[in-house]
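Report on one structure; see the data block that follows.
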Amino acid sequence: MKILVTGGAGFIGSNFVHHVLNETDHSVTVLDKLTYAGNRASLEGLPEGRFEFVQGDICDAALLDELFPKHDAVVHYAAESHNDNSLDDPRPFLDTNIVGTYTLLEAARKHGTRFHHISTDEVYGDLELDDPAKFTEQTPYNPSSPYSSTKAGSDLLVRAWVRSFGVQATISNCSNNYGPFQHVEKFIPRQITNVLRGERPKLYGTGENVRDWIHANDHSSAVLAILDRGQIGETYLIGAEGEKNNKEVVELILTQLGQPADAYDHVNDRPGHDLRYAIDSSRLRRELGWEPRYEDFEAGLAATIEWYRDNEAWWAPQKDATEARYKAQGQ
Ligand code: NAD
Ligand code: DAU
């Protein structure tokens, strides 16, 4: 297969591209605008014959008209992805997440291309800390932030294009990813790189908020399973039973880096901060036979810390500007 990967220079997209080229015979074209979040260096060393990079915008219909006929499938990762940025300036989230997804769907419709839409568990809103429930494919949509509401909107566009126009699409909603190539604005890389620079980790609010962590490679293998065996028009939830509160994660990072577990600061909370996410991925496991491979979070975190330690040249250029933005928000 020839796969067009939108947003392939971002965190999860680049991990997917490495995974596909390592684990399958497929070839890949990345279409990426290279916003502040895209990094060409995340795609170095890939086999030239099976990999191509195109810099461009998913809102550019003429460019999509050139690219779609050359590919068997499109996997759509491109997005504005950071909740904090969406609170500061929502507009790019509407442009890329809504209009961009719409433009891709129109191209998929015109060219009859198989389409897989990457989405998030945040479309379901949040759960109480003591609620035994988890999100399932049946949970009603209830997004909280400008980011998650634009992702919810993009999911609904995909569903409508399947039903109204017969577009051959699937959707997946995944929980919080961790691993290499994640921008330092995000929670785990921010805290690791703070400690590596001799700064203290910053915990929003009380630190009791829970996220359901999954290694980016497990997300990639799940997406490949859906592309291969998923039913058109269906949604699959991706998660690996990785619930941890933010305080526990910061303590693990500090301990693994040889610092006292309490050497962190509490900072201003995120407005509207979702309390807890938790995914029930039993449909994906039962129907498509998918299983996560990186179930030991502490081992995965240690490997991620090693990656940031070894790749300072990858993250250092972004670190000062990112911290200056947080400082201005009291975070
Ligand atoms: P990211 O911010 O690291 O990467 C996004 C990429 O999209 C960047 O390379 C950027 O340059 C590119 N991009 C942005 N706007 C574009 C446009 N208009 N045209 C072309 N390219 C554009 O994001 P991420 O964390 O890798 O997330 C990727 C996808 O996975 C998103 O759709 C996100 O909603 C979803 N997701 C993320 C997580 C997570 O934990 N990070 C979990 C579940 C789902
Ligand atoms: O659940 C999937 C989502 O996970 C994806 O859709 C998003 O694209 C992705 O960014 C992520 O969203 P979160 O808002 O959960 O991730 P973030 O890394 O921003 O924050 C994780 C948690 O850590 C959250 O509770 C806020 C908290 N946090 C974050 C930062 C940056 C802190 O306590 N301190 C921080 O410095």
Side-chain angles (χ1 to χ4, degrees), residues 5-16 30-40 42-43 54-60 63-64 75-87 92-93 95-97 99-101 103-104 117-124 126 135 143-145 147-148 150-151 154-155 172-179 181-191 194 201-214 216 219 223 238-239 244-247 249-250 264-270 273-279 322-323 326 329 331:
V5 178
T6 74
F11 164 45
I12 312 182
S14 62
N15 274 283
F16 179 73
V30 165
L31 169 61
D32 198 295
K33 188 176 172 182
L34 296 182
T35 66
Y36 80 95
N39 193 336
R40 195 66 182 79
S42 307
L43 297 167
V54 176
Q55 184 170 0
D57 193 326
I58 57 168
C59 299
D60 181 347
L63 176 60
L64 302 187
V75 182
H76 172 35
Y77 288 92
E80 285 294 334
S81 70
H82 194 38
N83 278 298
D84 293 324
N85 294 344
S86 81
L87 295 163
F93 290 74
D95 292 339
T96 289
N97 301 357
V99 178
T101 302
T103 313
L104 288 162
H117 177 64
I118 301 292
S119 193
T120 169
D121 58 359
E122 295 193 15
V123 299
Y124 301 114
D126 60 355
F135 299 136
S144 315
S145 74
Y147 161 68
S148 53
T150 59
K151 290 299 291 187
S154 68
D155 292 8
S172 54
N173 298 80
C174 188
S175 60
N176 285 63
N177 285 222
Y178 73 99
F181 301 119
Q182 187 170 27
H183 194 282
V184 289
E185 70 188 354
K186 301 297 196 310
F187 177 56
I188 287 181
R190 182 180 187 206
Q191 315 314 338
N194 273 2
K202 311 286 184 218
L203 210 44
Y204 292 175
T206 63
E208 284 173 326
N209 305 63
V210 171
R211 295 295 181 265
D212 188 353
W213 294 99
I214 180 172
H219 188 178
V223 170
I238 306 173
K244 294 240 172 310
N245 76 32
N246 294 338
K247 192 163 154 292
V249 175
V250 159
Y264 58 81
D265 295 328
H266 289 279
V267 293
N268 287 345
D269 207 354
R270 173 185 285 171
H273 195 173
D274 278 342
L275 209 45
R276 171 174 161 250
Y277 306 140
I279 286 268
T322 303
E323 288 306 318
Y326 278 128
Q329 293 162 352
Q331 291 177 321

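Whatever order the structure lists them in is the order used to number ligands and atoms, beginning at 1. We use all heavy atoms of the structure for the numbers below, so side chains are in, but hydrogens, waters and symmetry mates are not.
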Is the shortest side-chain heavy-atom distance between D57 and L63 below 4.5 Å? no
Looking at non-hydrogen atoms alone, which of R211, E122, R270, E80 comes nearest to atom 17 (P) of ligand 2? R270
Can you check whether L203 has an N/O within less than 3.5 Å of an N/O in ligand 2? no
Quick check: do D274 and N83 have side-chain heavy atoms less than 4.5 Å from each other? no
Name all residues meeting the side chain to side chain contact (heavy atoms under 4.5 Å, CB included) criterion together with D84; count only those two or more places apart in sequence or in a different chain, and write none if there are none. H82, L87, Y204, R270, Y326, Q331
Atoms of ligand 2 less than 4.0 Å from H82 heavy atoms? 19 (O)
For ligand 2, which part of N176 has a heavy atom less than 4.0 Å away: the side chain, the backbone, both, or neither? both
Could you identify the single nearest non-hydrogen protein atom to atom 10 (O) of ligand 2 and state the distance to 0.1 Å? K186 CE, 3.1 Å
Looking only at protein heavy atoms, which one is nearest to atom 8 (O) of ligand 2, and how far off is it? S81 O, 2.8 Å
Counting from 1 in the order shown, the ligand 2 atoms closer than 4.0 Å to a non-hydrogen atom of Y277 are 1 (O), 15 (O)
Short side-chain to backbone donor-acceptor contact, K202 and F187, under 3.5 Å: no
Within a strict 4.5 Å, meaning less than it, do heavy atoms of the T96 and I58 side chains meet? yes
Polar contact flag for N209 and ligand 2 (N/O pairs, less than 3.5 Å): no
Just need the protein heavy atom nearest to atom 20 (O) of ligand 2, so name the residue and atom and give the distance. F187 CB, 3.7 Å
Can you check whether Y277 reaches E122 side chain to side chain, under 4.5 Å on heavy atoms? yes
For Q331, state whether at least one heavy atom is located under 4.0 Å from any atom of ligand 2. no
Indicate yes or no: does an N/O atom of K202 lie under 3.5 Å from an N/O atom of ligand 2? yes
I need the contact residues for ligand 1: any residue with a non-hydrogen atom closer than 4.0 Å to the ligand, ordered by chain then number. G7, A9, G10, F11, I12, D32, K33, L34, T35, A37, G38, G56, D57, I58, Y77, A78, A79, S81, T96, I118, S119, T120, Y147, K151, C174, S175, N176, N177
Just so I know, are the side chains of N177 and Q182 near enough to count as touching, which here means a heavy-atom distance under 4.5 Å? no
Please verify whether a non-hydrogen atom of E185 lies at under 4.0 Å from ligand 2. yes
So which protein heavy atom does atom 24 (C) of ligand 2 come closest to, and at what separation? H273 NE2, 3.4 Å
Give yes if a backbone or side-chain nitrogen or oxygen of D84 is under 3.5 Å from a nitrogen or oxygen of ligand 2, and no if not. no
Under the criterion side chain to side chain contact (heavy atoms under 4.5 Å, CB included), I'd like the reasoning laid out for K186 against N176: C-alpha separation, chi angles, the key distance, then a yes or no. CA-CA 10 Å; K186 301 297 196 310; N176 285 63; over 6 Å; no
With L203 as reference, evaluate D265, N245, V250, V249 under the side chain to side chain contact (heavy atoms under 4.5 Å, CB included) test and give the passing residue. V250
Using a 3.5 Å cut-off on N or O atoms only, is S175 in polar contact with ligand 2? no
Which of the numbered atoms in ligand 2 are below 4.0 angstrom from a heavy atom of Y326? 31 (C)
The residue among R276, H273, K247 that forms side chain to side chain donor-acceptor pair (under 3.5 Å) with N209 is H273
Is there side-chain contact between N194 and Y264, with at least one heavy-atom pair below 4.5 Å? no
What is the nearest protein non-hydrogen atom to atom 1 (O) of ligand 2, stated with its residue, atom name and distance? D121 OD1, 2.5 Å
For atom 27 (C) of ligand 2, closest protein heavy-atom neighbour: N246 ND2, 3.4 Å
Between D212 (side chain) and I279 (backbone), is there a donor-acceptor pair under 3.5 Å? yes
Ligand-side contact atoms (ligand 2) for residue partner Q191, heavy atom cut-off under 4.0 Å: 34 (N), 35 (C), 36 (O)
Minimum heavy-atom separation for Y147 to S86, with atom names? N-OG, 3.1 Å
Residues in salt bridge (charged side-chain N to carboxylate O under 4.0 Å, His left out) contact with E185, at least two apart in sequence or another chain: R325
Evaluate the side-chain proximity of I188 to W213: yes if any heavy-atom separation is below 4.5 Å, no if none is. yes
With sequence neighbours left out, write down each residue that passes ring pair (Phe, Tyr, Trp, His ring centres under 6.0 Å) with H183, or none if nothing qualifies. Y36
Any N or O on Y147 sitting closer than 3.5 Å to an N or O of ligand 2? yes
Heavy-atom check, side chain of D95 versus side chain of E80, under 4.5 Å: no
Looking only at protein heavy atoms, which one is nearest to atom 36 (O) of ligand 2, and what is the separation? R190 NH1, 2.7 Å
Distance-only N or O hit between ligand 2 and Y204, under 3.5 Å: yes
As an exercise, state the distance from NE2 of H76 to OG1 of T6, rounded to the nearest 0.5 Å. 5.0 Å
Is there a nitrogen or oxygen of T120 sitting under 3.5 Å from a nitrogen or oxygen of ligand 2? yes
Under 4.0 Å from a heavy atom of N83: give me the atoms of ligand 2 that qualify, with their elements. 12 (O), 13 (P), 14 (O)
If you measure every N or O of D274 against every N or O of ligand 2, does any of those distances drop under 3.5 Å? no
